[in-house]
Amino acid sequence: MYPLSQLSPGQRARVLQVAPERRRLLALGLRPGALVEVLLQAPLGDPLEVRAGEAFLLLRKEEAQAVMVEALEEA
Amino acid sequence: MSCPRCAPQAPLALKAEERWALVGNPNTGKSSLINALAGADLEVGNWSGTTLERLSAHLSVGEGRVELVDLPGTYSLLPTSPEEALVLKELLQNPPDRILNVLDAGNLERNLVLTLELMELGLPMALVVNLLDEAEAKGLRVDLEALAEALGLPVAGAIAARGQVEGVLEAALGALAPKPPVRYPAPLEEALAALEPSYPNRGLALLALLGEAVPLPEPLLRAAQEEREKLLRKGHDPYLLALEGRYQKAKEVYEKAVQRHGTPSPLTERLDRLVLHPLLGLPLFLLALFLAFRFTFALSSPWVDLIGRVQEVLAGWIAASPLPPLLRSFLAEGVVAGVGTVLAFTPVLFLLYLALAFLETSGFLARMAFVADRVMQWAGLPGKAFIPLVLGFGCNVPAVYATRALAHPLDRLRVALAIPFLACGARLPVFTLFAFVFFPKNAPLVVLGLYLLGLLVGLATALLLGRLFQAGRGEGAMELPPYRFPPLKLLLRLSLARTGSFVRGAGGPILVAVLLIWALLHVPLGATSPYALLAQALTPLFDPLGVGDWRLVGALIPGFVAKEVVVGALGVSFLGEAGLAPLGLLEGLRTLGEAFGHALAGTLQGLLSLVAPVSFSLALEPTPLQAVLKDAVDPMGALAYLVFVLLYTPCVATLAALRQVVGTRWAASSVAYQLLLAYALAFLAGHLPLKP
């Protein structure tokens, strides 16, 4: 289990837990069990573009650190 | 769509007057749906007690009259921003007759979480599954019948942006009071069971249990608080339990209603790889912004000119009339000039609204926020704040309105109060006039320095307000909606409605300000005017800045109306008034005809200039005014004067816009803040150890 911020573009993972006070992240679809993929890093390395389920999200590094994931086998 | 299993429950009869609320996630096409259902009459206003935009429309349904209201997009009834908090507040305190829950067919599972929350409130409800075309492109097919059956509510499919909304009204008319759809994990159900008998509905009991402020009597809230503490003591977080139950149910419904077929077309992903490219992203972003800018100012300036010509002709006709001179002046230089000042903003606003709405609904604005986010983090602001800040360099007024795209009122306030310091186009004539007279060798440097100073003061203001109100890190996480081709009719109508809202909301105050200034300038007071008296009274204040000529000080007063007026006012007080030139009827008509032709030709030229290179020139013809200015003040005084002009209240229109966006009190405070800061920094600038 490690934070989503450690994934590099192209890597996929499954969300294990999100701190409950991060209501916005949960509401945006970063919920336990959701599949996520890091798509891109912004020019300055922050924020990230992440696909969560069917949605494309902008996540700051600091926010991606609050999302704990487990890696998935490359499809 | 029908709902086979809800047969026993008869649909509600339509009342003569009903209010239907559209509720859904952001970017689900709620405003497109209103546009497609209601035809022409979109109304843009404010939510009462707030400065949030409220979009609504009226339509006739059968015998009844329905007001469709677009509630702010939200992911959950448990708010994560004040804009989202408004949704819950409206639904509880001002419940609509029916809820139309709008869902994104391409992201149904997440969208259904909100649906489940809404259903617990027990208000009559129907579902509209929008964006069916996008879902199809993603390889997803939604079985509307199955969805209706799983939830026990009427469901309609729609592609609102293309006007395909058949069945939506029918579904809305068949709206039913839903039954609570979710069974929560046992500990939460037990707590709910203790509350539900005394609560009006399950939704309110759950909200109270989650610690949300709901408008209910004290004993009920206390009971919920006790149950909440009991759960927490046993190590259960009610919020996580509620989420678990809803996710479970949403997944269950999703699996019944959505089939995957074929492979998704990765258009958005591919475009993002280009638009958000680490190297190409930034130049592309600046290019898009530049084009939006060019579009607005190249196409609006011919129409602004036309408004100016119409003003001149009207003034000429009034001058030729047999009215008493003071009344002629009041009509021509007060009323006509005032209305003209308001109208002169409308072409810029309309086009900028159009460009912004295009960028927003096409998905580009969110990408711009992505690219700019890191830089804005430094100022503790969300990435989206970049756009209004850049717009501020064109014109402060639309920039202030553009802050409405920011979700948090504190962010909106911080950016809105920073914008007046950004050197808009109207300040350039003053800058160039003085820079070329007093710093002929370094004129471009002086002008550039002023622009940078404005930006610095603006950002410092945003940072200071953030410190003052202890803004957090600033919310970054947001959705990047898929790329879409926006429905142009909707964009035109929205931009028109928003421009109209400016004229109604800001027009009055601007007119009053112009009339006040007119009175100062033209009401005779013995041998002199109130303007000269006031200017002379204020001049000692400006002595420490090195500005001792009352005519320079006086020109700052009409500068409240608009900054470019400063140059005109200087011309009048240094060189004498030209007076109103009377104009014959025919002559005026001919001028108007020509001016209209010019506007059309200018628009065409503007369109061409979007693709052709732009030439920019700061060169000025020597004018009589330049010659006399040289003797009125020394170069350091001139620099102080320029800094003052840069920083004090940009114009009444900006103030009126601020009042609409952040409220009267903040708008008034900002005037005082600007004046103090302008004075202090002008003083410093005037005492810089420079040798011009």
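Convention: sequence-line order gives letters A, B, ...; per-chain numbering from 1. Note that the structure is a prediction, hence the values are computed from the model and not measured. No hydrogens, no waters, no symmetry mates; every other heavy atom, side chains included, goes into these values.
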Which answer fits [X], side chain, backbone, both or neither, if we ask what part of it has an atom under 4.5 Å from a heavy atom of chain A?
X: B:Asp272; result: both
X: B:Leu114; result: neither
X: B:Leu276; result: both
X: B:Leu140; result: side chain
X: B:Lys251; result: neither
X: B:Asn107; result: both
X: B:Glu244; result: neither

Next on the checklist: By the side-chain hydrogen bond (donor to acceptor under 3.5 Å, both in side chains) test, which pairs, at least two apart or in different chains, include something from residues 37-48 of chain A?
Outcome noted: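 Residue pairs with at least one partner in residues 37-48 of chain A: A:Glu37-A:Arg51, A:Asp46-B:Gln377.
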* **Point-to-point distance, once rounded to the nearest 0.5 Å, from CG of B:Leu240 to CD of A:Gln17** =>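 Answer rounded to 0.5 Å: 9.5 Å.
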From B:Arg367 atom CZ to A:Phe56 atom CZ, the distance as rounded to the nearest 0.5 Å: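 The CZ atom of B:Arg367 sits 7.5 Å away from the CZ atom of A:Phe56.
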Notebook entry, point to check: With a 4.5 Å limit on heavy-atom distance, are the side chains of A:Glu54 and B:Glu109 in contact?
Noted result: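 Answer no - side chains too far apart.
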Would you check if B:Phe370 and A:Glu49 make a side-chain contact, meaning some heavy-atom pair closer than 4.5 Å?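 Of all side-chain heavy-atom pairs linking A:Glu49 with B:Phe370, at least one is under 4.5 Å.
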Over all heavy atoms of both residues, which pair between B:Asp373 and A:Leu58 is shortest? Give the atoms and the distance, please.
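Nearest heavy atoms, B:Asp373 then A:Leu58: OD1-CD2, 4.3 Å.
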Q: Considering non-hydrogen atoms only, spot the tightest contact between A:Ala55 and B:Arg110 and give its length.
A: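 So the two residues come closest at CB-NH1, 3.4 Å.
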- Query: In residues 26-36 of chain A, which residues are in contact with chain B at a heavy-atom separation under 4.5 Å?
  - Reply: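 Checking residues 26-36 of chain A against chain B gives A:Leu26, A:Ala27, A:Leu28, A:Gly29, A:Arg31, A:Pro32.
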Stacked cation flag A:Arg24 on B:Tyr75, 6.0 angstrom / 45 deg: no
Item to complete: Step through the shown structure and confirm whether more than 12 heavy atoms of other residues, nucleotides or ligands are within 6.0 Å of CD on B:Glu212.
Response: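 Yes - once you tally the heavy atoms of other residues, nucleotides and ligands closer than 6.0 Å, there are more than 12.
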- Task: Quick one: which of B:Pro482, B:Pro79, B:Gly106 has the most heavy-atom pairs under 4.5 Å with chain A, could you say?
- Result: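 Ranked by contacts with chain A, first place is B:Gly106.
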> With no hydrogens and no angle check, is any side-chain donor or acceptor of B:Glu479 less than 3.5 Å from a backbone partner on A:Leu57?
Replying inline: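 Not at all, since once roles are kept as given, no pair shorter than 3.5 Å links the two residues.
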